[in-house]
Amino acid sequence: MKIAYIGHIFFCKKIGRKLEERGHEVKYFNYNHWGRKLIPSMKDIWDVDVIHFICAVGCRKYFYLIIIRYLLKKKIFVHFVGSDILRLKKVKVIDRINWIFALKTAHRIFTGAPWHVKELENLISTESFILFFANYEKIEKILPLPEKFTVLCYLPQERSRFYGEELIKVLIEEYPNIKFIILGSEQFIHYNNVLTKKIDYNIDMTELYSQSTLLVRLPKHDGFSSMVLEALAFGRNIIWTHNIPHVQHTELYRDDLIQAFESAKKKDSNSKGALWVKKNFNYKFFIDNLESLYNNSERTIDPTNYQ
């Protein structure tokens, strides 16, 4: 089978390489570049059997999708991620209509988080099929917690306000004796209790998790974060803006966050969270599901109904 992934190349390759190991031929296209011109775009996917948009932004030209499905006879799958949903809601009405018609041309439309199905229901019908990019069962033992309570925060430089910069500042100033590792932004580099590190999607995060007691992730809108799953698999406690098992949920208000933080300070290793991830997020099962979907576009997908 020949498969084309259109999306963020790094994440597409995480999945595609597993399918390559199974003998499939896989092509990768950046969603920011593919689709600019009709003929080159059609040449790119001329010989593939399946096209999977991992980022619905790449699938927004209705005319292209008509050609791909009905003239070229390709199977088309689309996955929404968090930012796609915000963009679909914000675009002009004409652009939104064109985009929705393009999406409806696909064989199946998925969201990467179950809560996004409900969020999109007034615009388009979707199914939940959680994307994740690692085999958490390979993490045999949880990492011991560091001697000093240390907080890891994800705060990308270019979207720091969206990812809770103001509330992270509240924590840094409220707890001057607690060490914070900020992954991304250098906004707080002048604080004595802050260490900043650049975001590098290619590094092994094991060492960073070994230095951390708690992960704080505070975006205003988020998909099913692979960082959250990975941190759980290593036995870390987590404060997040979504309510899933073994994670402390917080609303984006100062008092809520402080309350969650005080509770997190009292916790030991999150061994139950680590077991939960390994039970519910089996990577081989995920790839099996994906491969079966490509073979049969009408196949019922187990969306990882975590328990």
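Treat the numbers as computed from the prediction; the structure is a model and nothing was measured.
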Listed partners of [X] passing ring pair (Phe, Tyr, Trp, His ring centres under 6.0 Å), at least two apart:
X: H221; value: H116
X: F10; value: Y201
X: Y154; value: Y163
X: F80; value: none

What side-chain donor-acceptor pairs closer than 3.5 Å can you find for residues 174-183, not counting sequence neighbours?
residue, atom, partner, partner atom, Å
E174, OE1, R254, NH2, 2.8
Y175, OH, E262, OE2, 2.6

Contacts of type side-chain contact (heavy atoms from CB on, under 4.5 Å), residue [X], not counting sequence neighbours:
X: F63; answer: L38, I67
X: Q187; answer: E165, S185
X: L275; answer: none
X: S292; answer: R299

Taking side chain as C-beta onward, heavy atoms only, is [X] less than 4.5 Å from [Y]?
X: L19; Y: E291; value: yes
X: I54; Y: I6; value: no
X: P156; Y: I199; value: yes
X: S41; Y: R36; value: no
X: W99; Y: L123; value: no
X: V247; Y: V228; value: yes
X: I15; Y: F286; value: yes
X: P114; Y: I130; value: yes

(message) Taking transitive links into account, so neighbours of neighbours count too, which hydrophobic residues share a cluster with I39 at under 4.5 Å side-chain distance?
(response)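 Its cluster mates, by chain and number: none.
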
(message) Test question: given the 4.5 Å side-chain rule for I, L, V, M, F, W and Y, name all other residues clustered with Y70, or answer none.
(response)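 Reading the cluster by chain and number, Y70 sits alongside Y62, I66, V93, I97, F101.
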
Test item: [X] side-chain N/O and [Y] main-chain N/O as donor-acceptor pair under 3.5 Å:
X: N280; Y: W276; answer: yes
X: N135; Y: K284; answer: no
X: R108; Y: S297; answer: yes
X: R236; Y: L143; answer: yes
X: D222; Y: H242; answer: no
X: T150; Y: K148; answer: yes
X: H24; Y: K2; answer: no

(request) Salt-bridge test for K27 and D47: reply yes if a basic N is under 4.0 Å from a carboxylate O, no otherwise. (result)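 Salt bridge: yes.
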
(message) If the threshold is 4.0 Å, N to carboxylate O, is there a salt bridge linking E121 and K118?
(response)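 A salt bridge links E121 with K118.
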
For atom [atom1] of [X], is the number of surrounding heavy atoms from other residues, nucleotides or ligands below 6.0 Å larger than 12?
X: E127; atom1: CD; answer: yes
X: K265; atom1: NZ; answer: yes
X: N192; atom1: CG; answer: no
X: Q157; atom1: CD; answer: yes

Rounded to the nearest 0.5 Å, how far apart are [atom1] of [X] and [atom2] of [Y]?
X: I3; Y: D49; atom1: CD1; atom2: CG; value: 8.0 Å
X: T105; Y: I68; atom1: OG1; atom2: CD1; value: 9.5 Å
X: T250; Y: I238; atom1: OG1; atom2: CD1; value: 14.0 Å
X: L103; Y: F53; atom1: CG; atom2: CZ; value: 9.5 Å
X: D200; Y: M205; atom1: CG; atom2: CE; value: 10.0 Å

Testing the 3.5 Å rule here: is there a donor-acceptor pair between the side chains of [X] and [Y]?
X: Y294; Y: H52; result: yes
X: Q248; Y: N237; result: no
X: E137; Y: Y283; result: no

(request) State yes or no: do F133 and V81 share one hydrophobic cluster built from I, L, V, M, F, W and Y residues joined by side-chain heavy-atom distances below 4.5 Å, directly or via other members? (result)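 F133 and V81: separate clusters.
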
(request) Report yes or no: do L290 and I9 belong to one cluster of Ile/Leu/Val/Met/Phe/Trp/Tyr joined by side chain heavy-atom distances under 4.5 Å? (result)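 In one cluster with L290: I9, yes.
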
(request) Would you check, one step at a time, whether the test side chain to side chain contact (heavy atoms under 4.5 Å, CB included) holds for V48 with M1? (result) CA-CA 8 Å; V48 304; M1 185 188 305; over 6 Å; no

(message) Cation-pi check for Y64 against K61: NZ or CZ below 6.0 Å from the six-membered ring centre and within 45 degrees of the axis, yes or no?
(response)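 Yes, K61 sits over the ring of Y64.
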
(request) With side chain to side chain donor-acceptor pair (under 3.5 Å) as the test, would you mind laying out the steps for E230 and Y136 before giving the verdict? (result) CA-CA 7 Å; E230 188 174 43; Y136 303 112; over 6 Å; no

(message) Could you go through L214 and I239, starting from their C-alpha distance and side-chain angles, then the distance that decides it, and tell me whether this counts as side chain to side chain contact (heavy atoms under 4.5 Å, CB included)?
(response) CA-CA 8 Å; L214 171 71; I239 295 174; 4.0 Å; yes

(message) Show, in sequence, the C-alpha distance, side-chain angles and deciding distance for R22 and D288, and conclude whether the salt bridge (Lys or Arg N to Asp or Glu O under 4.0 Å) test is met.
(response) CA-CA 10 Å; R22 297 185 178 199; D288 287 346; 2.7 Å; yes

(message) Can you classify the ring geometry of F281 versus F224 as parallel (below 30°), tilted (30 to 60°) or perpendicular (above 60°)?
(response)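 Tilted: the ring planes of F281 and F224 meet at 30° to 60°.
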
(message) For Y5 and Y28, take the angle between the two ring planes, folded into 0 to 90°, and tell me which bin it lands in: parallel under 30, tilted 30 to 60, perpendicular over 60.
(response)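 Ring orientation, 0 to 90° scale: parallel.
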
(message) Going by salt bridge (charged side-chain N to carboxylate O under 4.0 Å, His left out), name the pairs with one or both residues in residues 62-90, residues two or more places apart or in two chains.
(response)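 Counting only pairs at least two positions apart or across chains, the salt bridge (charged side-chain N to carboxylate O under 4.0 Å, His left out) contacts touching residues 62-90 are K89-E119.
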
(request) Walk me through it: do I51 and F77 pass the test side chain to side chain contact (heavy atoms under 4.5 Å, CB included)? (result) CA-CA 6 Å; I51 300 169; F77 304 95; over 6 Å; no

(message) Applying side chain to side chain contact (heavy atoms under 4.5 Å, CB included) to T196 and F188, what does each step give before you reach the verdict?
(response) CA-CA 8 Å; T196 63; F188 306 117; 5.7 Å; no

